[in-house]
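Below: the structure, in structure tokens.
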Amino acid sequence: QVHSLQELRRSASLATKVFVQRDYSDGTTCQFQTKFPPELESRIERQLFEETVKTLNGFYAEAEKIGGSSYLEGCLACATAYFIFLCMETHYEKVLKKISKYIQDQNEKIYAPRGLLLTDPLERGMRVIEISIYEDRCSSGSSSSGSSSSSSGGGGG
Amino acid sequence: MTPGGGSGPMKDCEYSQISTHSSSSPMESPHKKKKSVPKRKWEVFPGRNKFFCNGRIMMARQTGVFYLTLVLILVTSGLFFAFDCPYLSEKITPAIPAIGGILFFFVMGTLLRTSFSDPGVLPRATPDEAADLERQIDIANGSSSGGYRPPPRTKEVIINGQTVKLKYCFTCKIFRPPRASHCSLCDNCVERFDHHCPWVGNCVGKRNYRFFYMFILSLSFLTVFIFAFVITHVILRSQQTGFLNALKDSPARYPFTETNCRFSVVCFFSVWSIVGLSGFHTYLISSNQTTNEDIKGSWSNKRGKENYNPYSYGNIFTNCCAALCGPLSPSLIDRRGFIQPDTPQLAGPSNGITMYGATQSQSNM
């Protein structure tokens, strides 16, 4: 039985949560571990999960990239004594909006049909990607709908 | 999942209990109708911070010294503009008050930005996260949780070839990211924690370090500027009327002597301490260290020949640019957001559950 996101919230009950932790091997930049959690073994294909995490990592790398445009933004902000932040959105915030949209997209297309739900890391202090696993009240578990059309965006950056 | 223990007096959610009279809820407001005003997250923030303007402004609890800083800057600049500028702008050039004005504006802007913004506070772990971490630690230690506090929990990570220990914070129930530290005054973990500055009334961390640096740098210029021109003023007057007379000049105005002497004293001490501090922070920025790391000597050669700073980009220019012009990360604590009931967990309608959204509200603590 395939669930939509709304149905999930109404009819399913939360079984457990899995946390994908941060990967600090590159320093303090925001990256998440791509290690596949064993609890998801029966719920989702490994490549789909890894692709999601890699895309997210790509987005975060793009947000935190130090280069020409970020310098320009920084210098302009400094020159206006940082008052410009009152009216302008930073590059980081723009990327975060993209990430939020991507996560919603992934949830609707890939995770909800499998009885899973991704939580935006921003809501968890950028510490973890929280994946909620739902058990269907009606049936014992969701069938893995092998929809291979994963239309997730290509690697960001 | 039940909320983790030790995180507050919240009871387990009972769906039938919509009563507004529970005395165990720490979020109980004196209003009779609970569903009228949903609370914002800053109102239930667990750290020792003060919030103003409905969550837009965030400071540490002790703000007395901050007001002192404000008063010192305002009074010194005010006196300068009132008493020295008219004379100097006539005698030398009106560019002096103009430049002074720009510097003053910059100093105030950066000071307020440093003091009022979120330094990079890490929100505390949700009960689910904390429970998950505990489980993993227990598995790693191979022991069941006893009555005593287990040994300090650390994780080791290799960053750019250097081994870094991540410590577990018992208050926030998280493993601190590298360079984060727990501020005991504010009771928060702060990312890239530099130090807690009572003069600005806030911690200095990842999100406000560049404002802090710009503040002390511009303040150095301002104090040197004021000091130099006050001296110039006295010298010019003394050339006109003789030095001793210059000190006793204009009885009709506010005592010239006293004003200029006091201000010179304040300026003199400020100049040296502020300029010194700016110099120190310039060194820190160019080597990409925090005050915390420098004081502890985390990356100094004295600890061992193999010890080096893994966060440094290698050259001074890149380090400076990264610290000052790098991207500004957003606040993670969402001060002005409303507390939401945790919809996936509660099957029923959400009326009146605002105050009892146990898991979700705790997730933002």
Side-chain angles (χ1 to χ4, degrees), chain A residues 8-19 21-30 60 62-83 85-86 89-97 117 119 121-128 130 132 134 137, chain B residues 1 102 105-110 112-113 117 121-126 128-129 131-133 136 155 157-160 164 166 172 174-175 177-180 189 191-192 206 210-211 214 218 310-311 313 318 321-322 324-330 332-334 337 342-345 347 359 363-364:
Chain A
L8 201 60
R9 291 203 173 112
R10 270 183 280 124
S11 66
S13 70
L14 188 61
T16 184
K17 290 186 185 179
V18 179
F19 297 97
Q21 300 284 343
R22 283 273 292 272
D23 175 17
Y24 291 117
S25 56
D26 232 355
T28 50
T29 53
C30 184
Y60 287 118
E62 183 195 332
E64 297 181 358
K65 192 174 62 147
I66 303 175
S69 61
S70 77
Y71 287 159
L72 199 62
E73 194 185 46
C75 290
L76 181 67
C78 182
T80 61
Y82 301 103
F83 279 96
F85 286 145
L86 294 172
E89 207 181 45
T90 66
H91 172 68
Y92 208 113
E93 283 167 349
K94 288 188 189 125
V95 179
L96 285 179
K97 286 208 170 115
L117 197 68
T119 306
L122 189 64
E123 292 174 33
R124 296 289 179 266
M126 308 282 252
R127 286 188 303 266
V128 288
E130 186 180 290
S132 311
Y134 288 88
R137 279 193 192 146
Chain B
M1 295 189 96
I102 292 173
F105 171 74
F106 201 80
V107 165
M108 290 308 292
T110 46
L112 296 179
R113 258 278 170 178
S117 57
V121 174
L122 289 169
R124 299 192 182 184
T126 59
D128 298 318
E129 273 179 72
D132 188 66
L133 271 180
Q136 287 182 12
K155 253 203 288 204
V157 187
I158 306 214
I159 299 178
N160 280 339
V164 176
L166 303 184
C172 304
I174 57 172
F175 273 100
R179 311 191 96 178
C189 270
E191 278 190 282
R192 201 188 183 280
K206 180 164 116 174
R210 73 190 66 188
F211 307 135
M214 290 279 106
S218 52
Y311 310 108
Y313 292 92
T318 319
C321 287
L324 302 174
C325 304
L328 189 60
S329 49
L332 297 173
I333 55 178
D334 188 25
D342 195 0
T343 12
Q345 280 210 311
T359 314
S363 78
N364 294 301

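None of the values given here were measured: they were computed from a predicted structure. Protein chains get the first letters and strands the later ones, always in sequence-line order, with residue 1 at the start of each.
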Taking only residues two or more places apart in sequence, or in another chain, which ones meet B:Phe105 in a ring pair (Phe, Tyr, Trp, His ring centres under 6.0 Å)? A:Phe83
Is the number of heavy atoms from other residues, nucleotides or ligands within 6.0 Å of OH (B:Tyr313) greater than 12?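 No, OH of B:Tyr313 has 12 or fewer neighbouring heavy atoms, counting only those of other groups under 6.0 Å.
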Where is the tightest heavy-atom contact between [X] and [Y], given as atom of each residue plus distance?
X        : Y        : result
B:Ser218 : B:Met214 : OG-O, 2.6 Å
A:Tyr60  : A:Pro121 : OH-CG, 3.3 Å
A:Phe85  : A:Ala77  : CZ-CB, 3.6 Å

For A:Leu76, is it the side chain, the backbone, both, or neither that has a heavy atom closer than 4.5 Å to a heavy atom of chain B? neither
Examine whether an atom of A:Ala63 lies under 4.5 Å from a heavy atom of chain B, and if so say whether it belongs to the side chain, the backbone or both; otherwise answer neither.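 It is the backbone, since no side chain atom gets that close.
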Side-chain heavy atoms of A:Lys94 within contact of A:Thr90, under 4.5 Å: no
Look at [options] and state which one has the largest set of heavy-atom pairs under 4.5 Å with chain A.
options                                : answer
B:Leu166, B:Thr318, B:Ile174, B:Asn160 : B:Ile174
B:Leu324, B:Leu332, B:Asp334           : B:Leu332
B:Ala180, B:Gly337, B:Gly326, B:Pro177 : B:Pro177

Not counting sequence neighbours, which residues clear side chain to side chain donor-acceptor pair (under 3.5 Å) with A:Thr29? List them please.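 Side chain to side chain donor-acceptor pair (under 3.5 Å) list for A:Thr29, sorted by chain: empty.
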Among A:Met126, A:Glu130, A:Lys65, A:Gln21, who wins on heavy-atom pairs under 4.5 Å with chain B? A:Met126
Could you have a look at A:Ser132, A:Gly74, A:Gly125 and say which one has the most heavy-atom pairs with chain B under 4.5 angstrom? A:Gly125
Which bit of [X] is near chain A, if near means a heavy-atom gap under 4.5 Å: side chain, backbone, both or neither?
X        : result
B:Arg192 : neither
B:Pro310 : neither
B:Leu328 : both

